[in-house]
A.B. asks: 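Structure incoming, see below.
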Amino acid sequence: MTFDRLPKIAPSILSADFADFGRECEAIEAEGADWVHVDVMDGHFVPNITFGPPLVRAIRRHIRTVMDVHLMIAPVDPYIGAFADAGADVITAHAEAGPHLDRTLQAIRAAGCKAGVALNPATPAEAIAHVMDRIDLVCVMTVNPGFGGQSFIPAMVPKVARLREMIGDRPIHIEIDGGVTPETAPLVVAAGADVLVAGSAVFKGGSVGRPGPYGANIRAIREAATAACRSHAA
Ligand code: DX5
Ligand code: ZN
């Protein structure tokens with residue numbers, strides 16, 4: 001994985017057909033996905049359950065790009081090895097998932113993955129102040145985690161800007177997760193985000209048999225994001 005701050009679109013397979021994950025991953029990649037975002041939920045840290053390491057391992061064969069695994073589970077440490085072995089490139093744990101975030105982040109890197117930390121909406125940017133040298137990505141939750149299709153929380157935009165200031169020149173991605181659309185993407189990209197997770201906004205209107213809408217949806221988000229990136233830089 002090389003580092004850059006160009007806007008990247010990471011479709012979340014939470015909005016895919018759960019009976020056809022392999023072909024869904026291939027379809028979104030063929031239609032222009034930069035990363036594939038994989039949401040793991042445990043029914044404890046969040047009020048929903050998705051899947052675990054065996055499913056992640058099974059879909060790895062269908063993904064050529066970065067597999068970005070978002071763990072909404074607590075505890076998280078006992079499962080890091082299993083998700084790394086399953087083929088995750090990035091493993092993101094929640095700052096709220098346990099009392100030992102620094103240890104968790106060390107364990108993710110020790111397992112050979114890029115380390116991400118996700119912040120729930122009520123968690124301040126400063127939660128990462130003392131782990132900056134241990135992270136490759138910070139994921140700003142712009143909805144409360146657990147479900148796709150929720151509305152973007154605009155109060156998160158200043159948090160993105162604060163994180164961007166804190167990060168400075170460090171090679172740390174700012175990822176946005178929740179309610180990303182062509183309308184909300186420019187707000188967060190202008191504030192400094194570079195990885196945009198999108199579930200419902202990518203998968204709406206398409207299917208594995210008719211993936212064209214996936215491509216159109218990805219392009220719409222990318223165009224809105226890239227325009228905001230340019231106007232930010234100007
Ligand atoms: C929410 C998940 C998200 C979700 C986003 O808990 O972490 O990745 O799939 O879905 P949308 O883009 O529909 O808000
Ligand atoms: Zn997610």
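Count residues from 1 along the sequence. Both counts, for ligands and for their atoms, begin at 1 and track the order of listing.
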A.B. asks: Tell me which protein heavy atom sits closest to atom 13 (O) of ligand 1, plus the residue, atom name and distance to 0.1 Å.
C.D. replies: Ser200 OG, 2.5 Å

A.B. asks: Please tell me whether Phe203 and Ile221 are part of a single hydrophobic cluster in this structure, the criterion being side-chain heavy atoms less than 4.5 Å apart.
C.D. replies: yes

A.B. asks: So which of Pro11, Pro211, Pro213 actually passes side-chain contact (heavy atoms from CB on, under 4.5 Å) with Glu31?
C.D. replies: Pro211

A.B. asks: Among all protein heavy atoms, pick the one closest to atom 9 (O) of ligand 1 and tell me residue, atom and distance.
C.D. replies: Ser12 OG, 2.8 Å

A.B. asks: Report the nearest protein non-hydrogen atom to atom 1 (C) of ligand 1: residue, atom name, distance rounded to 0.1 Å.
C.D. replies: Phe147 O, 3.6 Å

A.B. asks: More than 12 heavy atoms of other residues, nucleotides or ligands under 6.0 Å from CZ of Arg64: yes or no?
C.D. replies: no

A.B. asks: Return a yes/no value for Ser15: is any of its N or O atoms, backbone included, closer than 3.5 angstrom to an N or O of ligand 1?
C.D. replies: no

A.B. asks: Could you tell me the residue and atom name of the protein heavy atom closest to atom 10 (O) of ligand 1, and the distance to it rounded to 0.1 Å?
C.D. replies: Gly148 CA, 3.5 Å

A.B. asks: Could you walk me through whether Arg170 and Asp133 pass the side-chain contact (heavy atoms from CB on, under 4.5 Å) check?
C.D. replies: CA-CA 9 Å; Arg170 294 177 180 86; Asp133 294 334; 3.8 Å; yes

A.B. asks: With heavy atoms of His70 as the reference, note each atom of ligand 1 found under 4.0 Å away.
C.D. replies: 7 (O)

A.B. asks: Decide whether the shortest distance between a heavy atom of Ala201 and an atom of ligand 1 is less than 4.0 Å.
C.D. replies: no

A.B. asks: Any N or O on Asp39 sitting closer than 3.5 Å to an N or O of ligand 1?
C.D. replies: yes

A.B. asks: Are Arg109 and Asp136 within salt-bridge range, i.e. N to O under 4.0 Å?
C.D. replies: yes

A.B. asks: Do the side chains of Leu187 and Ile174 join up, straight or via other hydrophobic residues, at under 4.5 Å, putting them in one cluster?
C.D. replies: yes

A.B. asks: Report the protein N/O/S neighbours of the Zn ion (ligand 2) that fall below 2.8 Å; do not count waters.
C.D. replies: His37 NE2, Asp39 OD1, His70 ND1, Asp177 OD2

A.B. asks: Treat each ILVMFWY residue as a node, draw an edge where side-chain heavy atoms are under 4.5 Å apart, and state whether Ile80 and Val131 are in one component.
C.D. replies: yes

A.B. asks: Mind telling me whether Trp35 and His173 have parallel, tilted or perpendicular rings, with 30° and 60° as the class edges?
C.D. replies: perpendicular

A.B. asks: Are the aromatic rings of His94 and Phe45 close, with centres under 6.0 Å apart?
C.D. replies: yes

A.B. asks: Number the atoms of ligand 1 from 1 as they appear, then name those within less than 4.0 Å of a heavy atom of Ala198, with their elements.
C.D. replies: 12 (O)

A.B. asks: Could you tell me which atoms of ligand 1, counted from 1 in the order shown, lie closer than 4.0 angstrom to a heavy atom of His37?
C.D. replies: 8 (O)

A.B. asks: Near Gly178, which atoms of ligand 1 are under 4.0 Å from a heavy atom of that residue?
C.D. replies: 14 (O)

A.B. asks: Just jot down the ligand 1 atoms closer than 4.0 angstrom to any heavy atom of Met41, in number order.
C.D. replies: 6 (O)

A.B. asks: Purely on distance, is any nitrogen or oxygen of Gly149 under 3.5 Å from one on ligand 1?
C.D. replies: yes

A.B. asks: Polar contacts were defined as any N/O atom of the residue lying under 3.5 Å from an N/O atom of the ligand; does this apply to Gly199 and ligand 1?
C.D. replies: yes

A.B. asks: Do Thr50 and Asp39 meet the criterion of a side-chain donor-acceptor pair at a distance under 3.5 Å?
C.D. replies: no

A.B. asks: Going by the angle between their ring planes, with limits at 30° and 60°, are His70 and His37 parallel, tilted or perpendicular?
C.D. replies: tilted

A.B. asks: If we ignore hydrogens and angles and just use 3.5 Å, is the side chain of Arg57 paired with the main-chain N or O of Phe83 as donor and acceptor?
C.D. replies: no

A.B. asks: Looking at side-chain heavy atoms only, is the closest gap between Val188 and Leu196 below 4.5 Å?
C.D. replies: yes

A.B. asks: Would a distance-only check, ignoring hydrogens and angles, find a side-chain to backbone donor-acceptor pair under 3.5 Å from Asp17 to Ala19?
C.D. replies: yes

A.B. asks: To check your reading of the model: name the closest protein heavy atom to atom 6 (O) of ligand 1, its residue, and the distance in Å.
C.D. replies: Gly146 N, 2.7 Å

A.B. asks: State plainly whether one hydrophobic cluster holds both Met72 and Val40, where clusters connect Ile, Leu, Val, Met, Phe, Trp and Tyr through side-chain heavy atoms under 4.5 angstrom apart.
C.D. replies: yes

A.B. asks: Which ligand 1 atoms are under 4.0 Å away from a heavy-atom of Met72?
C.D. replies: 6 (O), 7 (O)

A.B. asks: In this structure, are over 12 heavy atoms from other groups packed under 6.0 Å from Tyr79 atom OH?
C.D. replies: no

A.B. asks: Compute the shortest N/O to N/O distance between Gly179 and ligand 1 and return yes if it is under 3.5 Å, no if not.
C.D. replies: yes

A.B. asks: Got the closest protein heavy atom to atom 5 (C) of ligand 1, with its distance?
C.D. replies: Asp177 OD1, 3.6 Å

A.B. asks: Run the numbers for me: atoms of ligand 1, each under 4.0 Å from some heavy atom of Pro145, listed by number.
C.D. replies: 6 (O)

A.B. asks: Looking at Val197, which atoms of ligand 1 are within less than 4.0 Å of one of its heavy atoms?
C.D. replies: 8 (O)

